[in-house]
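To start, the structure itself, in structure tokens.
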Amino acid sequence: MSDKSPQQASQKAPLKKGDRLYLIDGSAYIFRAYHALPPLTRKSDGAPVGAVSGFCNMLWKLLADVNDDAVKEMGTPTHFAVIFDHSSETFRNEMYTEYKANRDEPPDDLKPQFAMIRDAVRAFGLPCIELQGYEADDLICTYARQAEQLEAETIIISSDKDLMQLISEHTIMYDTMKSRRIGVDEVIEKFGVGPEKMIDMQALIGDSVDNVPGVPGIGPKTAAQLLEEFGTLENLLENAEAIKQNKRRESLIEHADNARLSKKLVTLECNVPIEAEIDDFVVTPFDHARLIEFLEEMEFTTLTKRVRTKADQAGADVPEPSAPAAAPAPDTKPIDRDAYETVFSPERLREWMARTRERGHLAVDTETTGLDCMTARLVGVCLSTGPGEACYVPLTHGGEGLAFDDEDVGKQMKLEDALAILKPVLEDASVLKIGQNFKYDMLLLSRYGIDVAPIDDTMLISYALDCGINGHGMDELADKHLGHTCIKFTDIAGTGKKQKTFDQLVIKEAAPYAAEDADVTFRLWQALKPRLVSERMATLYATLERPMPAVISAMEREGVKVDCDVLSRLSSEFNQRMGAHEAAARELAGEDFNLGSPKQISDILFGQMGLPGGKKTKTGAWSTSADVLDDLAAQGYEIAREIVNWRQLSKLVGTYTDALQKDLNKDTGRVHTSYSLASTTTGRLSSNDPNLQNIPIRTEDGRKIRTAFIAEEGNVLVSADYSQIELRLLAHIADITSLKQAFSDGVDIHAMTASEMFGVPIAGMDPMVRRKAKAINFGIIYGISAFGLANQLGIPRGEAKDYIDAYFEKFPGIRQYMDDTKKTAMTHGYVETVFGRKTHTPNIKAKIPAQRSYAERQAINAPIQGSAADIIRRAMIRMPYALARSKLSARMLLQVHDELIFECPADQANDTRELVKQVMETACDPVLKISVPLVVETGAGLNWDEAH
DNA sequence: TGGGCGCCTCAGG
DNA sequence: CCTGAGGCGCCCAA
């Protein structure tokens with residue numbers, strides 16, 4: 001054993017005589033569990049988890065079940081570690097390239113489980129041991145031999161015969177699947193020789209699976225007989241001449257070298273340069289909360305229950321683990337910008353990757369030439385393996401001709417070299433990648449051929465925890481959680497027209513800024529991730545947040561095809577008509593003015609022309625909004641009509657027909673919006689650059705814009721939208737029997753509301769009456785106020801109040817729901833959706849009544865809007881998998897709150913519509929039963945207008 | 001002169 | 001109620 005300083009040693013528990021060291025052969029277990037256990041998938045997202053489940057059950061039994069056969073027989077572990085193979089290449093390949101060469105790739109539904117199993121080990125608070133270039137067996141050998149010298153008992157959990165050479169008086173194996181102990185006697189019984197002869201035995205018989213040659217014609221029986229007679233392999237080979245049987249003798253002589261090589265291959269290395277020591281493996285009390293978080297995330301309900309029961313018995317703090325001792329509070333060094341390394345050589349980068357694999361996690365941040373990740377180029381990569389352990393890897397600084405002098409530019413490693421080193425780690429299922437707004441980096445890296453997985457996103461963790469309390473940008477989070485002020489990008493790159501892109505920065509100056517981002521991201525992860533458990537948001541995060549970056553970045557990268565010619569034609573049509581309105585308005589005003597300026601309009605109308613003003617704006621000016629101008633137009637003031645018409649067209653040109661053409665990506669010929677995953681307080685997404693969630697539909701002119709969104713040749717657009725989802729959720733959440741019945745019967749919900757409120761029959765109903773009821777239904781969802789409804793319907797406040805009263809009279813359950821929701825917000829400070837997403841409502845206790853009412857309306861709206869958002873998220877997360885399973889090549893392109901747009905080959909339109917509908921309608925299954933049917937309507941067409 | 005920012009208005013759900 | 005975008009107009013710095 002290497003010697004350690006006393007301080008370090010005192011924190012450990014040295015292995016001593018009589019202690020029991022359990023070593024799990026993790027890699028072998030994974031394969032066996034995968035094949036032996038029935039396939040099991042996680043309900044929420046269909047991820048395969050069978051092997052993980054088996055693994056967790058085994059760990060739990062060994063560590064916590066006093067009645068477990070193995071533990072009863074072997075005794076409770078004092079030290080415990082799980083050992084994994086690191087990669088397929090080991091030192092054995094250097095002496096024999098064919099070694100394990102015919103191993104197949106693990107099956108697709110096993111691969112993702114490797115990472116999960118490592119997560120499981122960590123969740124159990126156990127060390128996860130692996131080392132580059134060595135097999136798990138070598139590490140096990142090294143540790144077992146060390147334990148042997150200390151006369152401790154070693155229990156190797158495996159049934160691999162390669163490990164049988166380790167068996168001795170103090171070292172045994174245990175096969176948990178067969179509940180079978182394998183000691184010296186068992187080896188002799190099975191192979192006819194003792195464990196000390198196992199190496200020679202294997203060298204003779206070989207192993208076809210691992211490509212160990214052995215000696216042809218010699219099997220276990222013969223080998224045992226020969227070893228019995230000659231003692232050792234070497235002795236046997238030297239005296240092979242003496243063997244009587246012709247075949248056997250000749251084969252041994254001919255293949256003596258193979259036998260010797262085989263011996264080397266099967267001999268385990270017991271002097272591996274280990275990094276973790278046995279003393280570190282001491283079993284410590286469970287962090288039940290951490291384990292439960294993981295198990296819940298995996299949706300292992302039975303085991304979760306078991307652990308909970310045990311935790312309760314032990315009086316453990318679940319779900320509120322608070323004791324500082326329990327919380328992993330690593331002594332975090334303060335942020336030091338000068339301490340970061342700038343990585344120039346592939347060798348150094350490889351070393352960072354080696355450290356990453358040891359840690360099992362890596363914070364990643366990319367630096368690029370711009371904010372649009374569909375056009376930006378990669379400039380550098382920032383990495384952090386732990387707090388303060390960060391580096392910057394500059395790659396393409398000074399890209400296109402140097403506008404400055406930077407001696408470091410020439411030292412940068414080649415982009416493709418760096419990517420080749422990074423890719424295996426970024427894609428390694430056993431290394432967790434951590435990012436802040438990771439969707440951006442993932443999309444960028446996907447353009448460079450790297451699919452980052454698995455991931456955590458600090459922005460989304462913050463969103464799950466603190467929605468409604470603060471924003472979720474890195475600078476704000478760093479300030480709040482780390483008390484650290486980040487360097488702003490504009491501080492180093494300047495601002496405005498002269499702002500530099502990242503590649504134009506001097507590396508020495510850029511590096512601290514860049515590396516800091518990765519460091520901060522890592523520290524934020526440390527600060528925020530444990531809260532998911534203690535605040536019981538782990539499942540929400542795992543099911544509704546964590547999967548989003550991958551799904552959304554795929555959509556963004558896909559983009560949607562836009563026909564520029566259609567947009568141009570519309571632009572000129574609208575411009576022409578605007579000209580006519582503008583001329584008419586000026587004629588009527590008798591002077592020139594800017595129709596785009598509310599201030600000038602107000603001056604003309606309410607000043608010079610003396611028209612009656614309606615509403616005032618927040619700042620006290622007369623409003624010129626559309627409904628005010630509509631009123632004036634209705635009173636016969638033509639100028640108001642002209643202004644309204646001009647404005648509408650101006651909006652369409654400025655925001656859509658002209659603007660969208662600029663958003664066309666030159667490489668793809670498509671428009672790629674960006675979805676913001678954490679900018680709403682309800683769980684909705686928002687779309688920007690350009691916003692494709694507010695493409696007009698309500699007016700005829702506006703709808704023409706939708707005809708410019710088209711499908712690729714031979715394809716169609718498929719649209720699928722939830723019908724009335726928010727009202728349905730209101731009926732479910734507030735538990736309104738009559739509403740639920742109406743939805744089950746499939747009646748016209750607004751007409752039904754009108755009929756109830758005003759006592760008129762549905763058949764032959766006045767459309768105006770229905771319109772009122774519809775406005776009220778929407779008002780209810782928004783946490784109605786008489787003021788708002790009056791505004792909406794253009795009726796006096798008193799009348800609006802009468803309607804609301806009539807509504808509450810007919811649906812008393814809704815008033816009840818509203819009161820209850822306000823109460824919840826008051827007592828808890830938050831409201832939540834059907835899936836447990838929280839929106840915090842800090843203003844609910846505001847002194848100012850207007851502020852408080854506003855907060856109350858938010859509180860009423862958030863659970864409804866948010867539940868709908870959760871449901872469509874679930875559908876989106878499942879969609880890629882569902883499409884693939886149905887062998888459909890449809891791509892999901894857009895989300896507009898209750899609608900999803902796909903593009904698919906024309907001949908798959910019907911199948912796609914059917915599948916999409918099915919997935920969306922069953923999105924709540926199986927965790928939640930909604931008491932109203934969710935109905936999805938679909939359409940298909942050559943453009944978005946036709947598809948809708 | 002030009003960048004930054006608040007305001008108003010309006011597109012969608 | 002939840003959003004994002006564009007234009008205007010004001011303020012401030014260079």
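To find a chain, count down the sequence lines: A is the first, B the second, and so on, and within it residues start at 1.
- Using a 4.0 Å heavy-atom distance criterion, A:Tyr854 is classed as a sugar-phosphate-only contact.
- For A:Asp592, the side chain to side chain contact (heavy atoms under 4.5 Å, CB included) partners are A:Arg586, not counting sequence neighbours.
- Heavy-atom contacts of chain A under 4.0 Å fall on DNA chain B between two terminal nucleotides, which in 5' to 3' order are B:dG3 to B:dG13.
- With sequence neighbours left out, the ring-ring contact (aromatic ring centres under 6.0 Å, His included) criterion links A:His897 to no other residue.
- Taking every heavy atom of residues 682-690 of chain A and every atom of DNA chain C, pairs under 4.0 Å involve A:Thr682, A:Arg684, A:Ser686, A:Ser687, A:Asn688, A:Asp689, by number.
- Applying the salt bridge (charged side-chain N to carboxylate O under 4.0 Å, His left out) test to residues at least two apart or on different chains, the pairs with a partner in residues 828-843 of chain A are A:Glu545-A:Arg837, A:Arg837-A:Asp870.
- Contact check of residues 860-878 of chain A against DNA chain C (heavy atom, cut-off under 4.0 Å) returns A:Asn861, A:Gln865.
- Of the N and O atoms on the side chains of A:Thr681 and A:Tyr463, not one donor lies less than 3.5 Å from an acceptor on the other residue.
- Scored by the side-chain hydrogen bond (donor to acceptor under 3.5 Å, both in side chains) test, A:Arg913 finds A:Thr938 as partners (sequence neighbours excluded).
- Scanning DNA chain C 5' to 3' for nucleotides with an atom closer than 4.0 angstrom to a non-hydrogen atom of chain A gives a first and last hit of C:dC1 to C:dC10.
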Just list the side-chain donor-acceptor pairs under 3.5 Å for residues 844-858 of chain A, sequence neighbours left out, or say none.
residue: A:Arg852; atom: NH1; partner: A:Ala846; partner atom: O; Å: 3.0
residue: A:Arg852; atom: NH1; partner: A:Lys847; partner atom: O; Å: 3.4
residue: A:Ser853; atom: OG; partner: A:Pro849; partner atom: O; Å: 2.8

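- Residue contacts shown for A:Asn691 are limited to sugar-phosphate atoms, with no base heavy atom under 4.0 Å away.
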Distance-only donor-acceptor pairs under 3.5 Å for side chains of residues 777-790 of chain A, two or more places apart:
residue: A:Asn777; atom: OD1; partner: A:Tyr807; partner atom: OH; Å: 3.3
residue: A:Asn777; atom: ND2; partner: A:His750; partner atom: ND1; Å: 3.0
residue: A:Asn777; atom: ND2; partner: A:Thr753; partner atom: OG1; Å: 3.0
residue: A:Ser785; atom: OG; partner: A:Gly788; partner atom: N; Å: 2.9

Residues 698-705 of chain A side chain polar contacts: donor-acceptor under 3.5 Å, at least two apart:
residue: A:Thr699; atom: OG1; partner: A:Gln648; partner atom: NE2; Å: 3.1
residue: A:Thr699; atom: OG1; partner: A:Gly702; partner atom: N; Å: 3.1
residue: A:Asp701; atom: OD1; partner: A:Arg577; partner atom: NH1; Å: 3.2
residue: A:Asp701; atom: OD1; partner: A:Lys704; partner atom: NZ; Å: 3.1
residue: A:Asp701; atom: OD2; partner: A:Arg577; partner atom: NH2; Å: 2.7
residue: A:Arg703; atom: NE; partner: A:Ile697; partner atom: O; Å: 3.0
residue: A:Arg703; atom: NH2; partner: A:Ile697; partner atom: O; Å: 3.2
residue: A:Lys704; atom: NZ; partner: A:Glu573; partner atom: OE2; Å: 3.2

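- Both tests hold for A:Lys616 against A:Trp622: distance to the six-membered ring centre under 6.0 Å, angle to the ring axis within 45°.
- The stretch residues 598-625 of chain A comes close to DNA chain C through A:Lys599, A:Gln600, each having a heavy atom under 4.0 Å from the strand.
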